[in-house]
Amino acid sequence: MEPRAERRGRRSGGGAARRAERTTHRIDCAPVIQRNIPNYDMLSDAALEIIEANAETVLEEVGVAFVDNPEALDRWRAAGATVLGERVHIPRGLARKLCETAPASFTQYARNPDRNVEIGGKSLVLAPVYGPPFVRDLDGGRRYATMEDFRKFVKLGYMSKWLHHSGGTVCEPTDVAVNKRHLDMLEAHMTLSDKPFMGSVTDPVRARDSVEMCKILFQEEELSRPYMISLINVNSPLTFDSVMMGALEVYAEAGQACIVSPFIVGGAMAPVSVTGTLTQVLAEAMAGIAYSQLVKPGAPVVFGAFVTSIDMNSGAPTFGTPEASKILYGAGQLARRMNLPFRSGGGLCGSKLLDAQAAYETSNTLNAALLGGVNFMLHACGWLEGGLVASFEKFVMDADQLGVLHSIAAGVDISENGQAMDAIREVGPGGHYLGCAHTQANFKDAFWRTEVLDYKPFETWADEGSRSSADLAAARVQHLLEQYIEPTLDPAIAGALAEYVARRKGEEPDAFG
């Protein structure tokens, strides 16, 4: 069986010729962001020391619960913690000491080596939305997500220049059984994109499926390096359930990376104050990361913080708020003091539509994540309605705006070319720079350029249909999907993946609960 691109290229006719020409097009993907700008450190060293001391007190006096997981309790007991029932009381300094074996940075490897990503240090890796059960587009409105929607999002992520990562559950395909949909989602990431991806965490068995499928994709009997990163949410406050910890155990034992991330709505799952919430975030992150190192010292792990505030009138979570940004800044400082990669941020908003609220809240969080030193940004594009909806139009609008982060992170060029003294001398007083040599040499790359938004004069915009930003984004979605060509994968590997999925699906009945 020949690779798809080669088979298409051999067909005759005008359509075949156009398809063959498209197969030779190389998908442009920007390298991982390397910050040439400083991080914004909002908290003083004295404030950070207070939070760190308080977090140690929480771990020692209040403790953390590891529920329905006797093996975890045994590990903690052997490490020197006091275990009372299912509550683990960790002596001061023990969790932080255990965290020291986690690497300060690591590479996640993709099936296309050009797509490998470095997570940690000054890097910023951008990954799409994660987890919404609904999708929205201009044609169909808001509806439950399907597997076909999922595949479209994976294709859009692959085609998006500024996204470095394929992500995980970019939407929850509700037309596939709960106990089987992870197989289809993983197969889609592995075959429809060649960017790195995330594993399943909704059950330890599904984590093991992820590991086994990864072995097939990378042709290894045992995984030799990190090929997956997976999201392990803490059941805040201070509770680690057996499902998430079971998945963490599977991944850590296999040497795969995990994001240990408190999932906090301030005022409901943590104190209303920024300092109190940061104390809880640090305590939970340290306990989870330390546990990963008890499972396997040196296992790659990321310090996560997903924190938002709450509307005290309705009880609904809010996004893009100043309090959330303050917590992000502080959590980044705490992660860097532990010498660990940091996850937070995203294109978060509470808006139901692509409107000004969505834009304001999204930009607030994206900018905070850039300045706050985030190394892995989940939800970078596509998030709508507090994470309940993955929007096709917002996906491409957000992905376009991620180019702004790349530009800002690059800093300011102070080279001889950047100083532009020759141009200033050439133009002199009263002239213009449009035709000068410096402009002619640099105009193609001088400014970031959108691929979605409209900058045309009013008359041109009106003649072209007076399209809104949502209309332009819908056209962009269609264009990208029409241009999509599946990246080449060895047919034997694709067949083995399909066989594994079919076999696993046949081993148990469908479960939708």
Side chain to side chain donor-acceptor pair (under 3.5 Å) between Arg92 and Thr57: does it pass, once the steps are laid out? CA-CA 7 Å; Arg92 302 185 81 85; Thr57 298; 2.9 Å; yes
Pair [X] + [Y], salt bridge at N-O below 4.0 Å:
| X | Y | result |
| --- | --- | --- |
| Arg476 | Glu451 | yes |
| Asp74 | Arg77 | yes |
| Arg111 | Asp194 | no |
| Glu323 | Lys326 | no |
| Glu52 | Arg96 | yes |
| Arg75 | Glu71 | yes |

From Leu278, Leu59, Thr279, residue fulfilling side-chain contact (heavy atoms from CB on, under 4.5 Å) relative to Asn54: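 One option only clears the test, and that one is Thr279.
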Is there a side-chain contact between [X] and [Y] (heavy atoms, below 4.5 Å)?
| X | Y | result |
| --- | --- | --- |
| Leu378 | Met198 | yes |
| Arg225 | Asn116 | no |
| Phe342 | Asn39 | no |
| Ser200 | Met185 | no |

Aromatic ring proximity [X]/[Y], centre distance under 6.0 Å:
| X | Y | result |
| --- | --- | --- |
| Phe153 | Phe392 | yes |
| Trp383 | Phe319 | yes |
| His189 | Phe150 | yes |
| Tyr291 | Phe240 | no |

If we count only N and O atoms by modelled type, under 3.5 Å, do the side chains of [X] and [Y] hold a donor and an acceptor together?
| X | Y | result |
| --- | --- | --- |
| Ser415 | Asn417 | no |
| Asn69 | Glu249 | yes |
| Asp400 | Thr450 | yes |

Reported [atom1]-to-[atom2] distance for the pair [X] and [Y], which is rounded to 0.5 angstrom:
| X | Y | atom1 | atom2 | answer |
| --- | --- | --- | --- | --- |
| Ser351 | Leu348 | OG | CG | 13.0 Å |
| Met159 | Lys195 | CE | NZ | 9.5 Å |
| Phe197 | Ser230 | CZ | OG | 9.0 Å |
| Leu156 | Leu192 | CG | CG | 11.5 Å |
| Ile232 | Asp241 | CD1 | CG | 9.5 Å |
| Ile485 | Tyr158 | CD1 | OH | 9.0 Å |

Search all heavy atoms of [X] against all heavy atoms of [Y] and return the closest pair with its distance.
| X | Y | result |
| --- | --- | --- |
| Gly80 | Leu94 | C-CD2, 4.2 Å |
| Lys444 | Arg449 | O-NH2, 3.1 Å |
| Lys394 | Cys349 | CE-SG, 3.8 Å |
| Gly346 | Met377 | N-CG, 3.5 Å |
| Glu118 | Val32 | O-CG1, 4.1 Å |
| Thr169 | Pro132 | O-CD, 4.1 Å |

Take Asp398 and Thr362 through the test side-chain contact (heavy atoms from CB on, under 4.5 Å) and record every step on the way to the result. CA-CA 8 Å; Asp398 288 345; Thr362 295; 3.8 Å; yes
Given Leu294 and Trp76, is the side-chain contact (heavy atoms from CB on, under 4.5 Å) satisfied, shown in steps? CA-CA 8 Å; Leu294 286 177; Trp76 277 115; 3.8 Å; yes
Which residue in the set Gln256, Lys215, Glu220 passes side chain to side chain donor-acceptor pair (under 3.5 Å) when paired with Tyr227?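 The residue from Gln256, Lys215, Glu220 that satisfies side chain to side chain donor-acceptor pair (under 3.5 Å) with Tyr227 turns out to be Glu220.
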Exactly one of Asp209, Asp203, Thr202 should register a side chain to side chain donor-acceptor pair (under 3.5 Å) with Arg206. Which one does?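 Result for side chain to side chain donor-acceptor pair (under 3.5 Å) with Arg206: Thr202.
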Parallel, tilted or perpendicular for His406 and His164, by the 30°/60° rule?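 Aromatic pair His406/His164 classed tilted.
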Can you tell me if CZ on Phe263 sees more than 12 non-hydrogen neighbours from other groups inside 6.0 Å?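 Check fails, neighbour count at 12 or below.
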Walk me through whether Met228 and Ser210 qualify under side-chain contact (heavy atoms from CB on, under 4.5 Å). CA-CA 9 Å; Met228 285 183 290; Ser210 303; 3.8 Å; yes
Expected output: side-chain Gln280 to main-chain Pro271 donor-acceptor under 3.5 Å: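 It does not hold such a pair.
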With distance as the sole test, does Thr239 use its side chain to make a donor-acceptor pair with the main-chain N or O of Ser236 at under 3.5 Å?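 Judged by distance alone, no pair lies under 3.5 Å.
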Using the rule given for side-chain contact (heavy atoms from CB on, under 4.5 Å), can you reason through Phe303 versus Ser261, listing the C-alpha separation, both sets of side-chain angles and the distance that settles it, and then say yes or no? CA-CA 7 Å; Phe303 182 124; Ser261 190; over 6 Å; no
Could you check whether Arg343 makes a cation-pi contact with Phe376, meaning its NZ or CZ is under 6.0 Å from the centre of the six-membered ring and within 45° of the ring axis?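 Not satisfied by the 6.0 Å and 45° rule.
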Could you work out, with side chain to side chain contact (heavy atoms under 4.5 Å, CB included) as the rule, every residue matching Ile310, not counting sequence neighbours?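 Testing Ile310 for side chain to side chain contact (heavy atoms under 4.5 Å, CB included), a comparison that skips the adjacent residues, returns Val265, Ala268, Met312.
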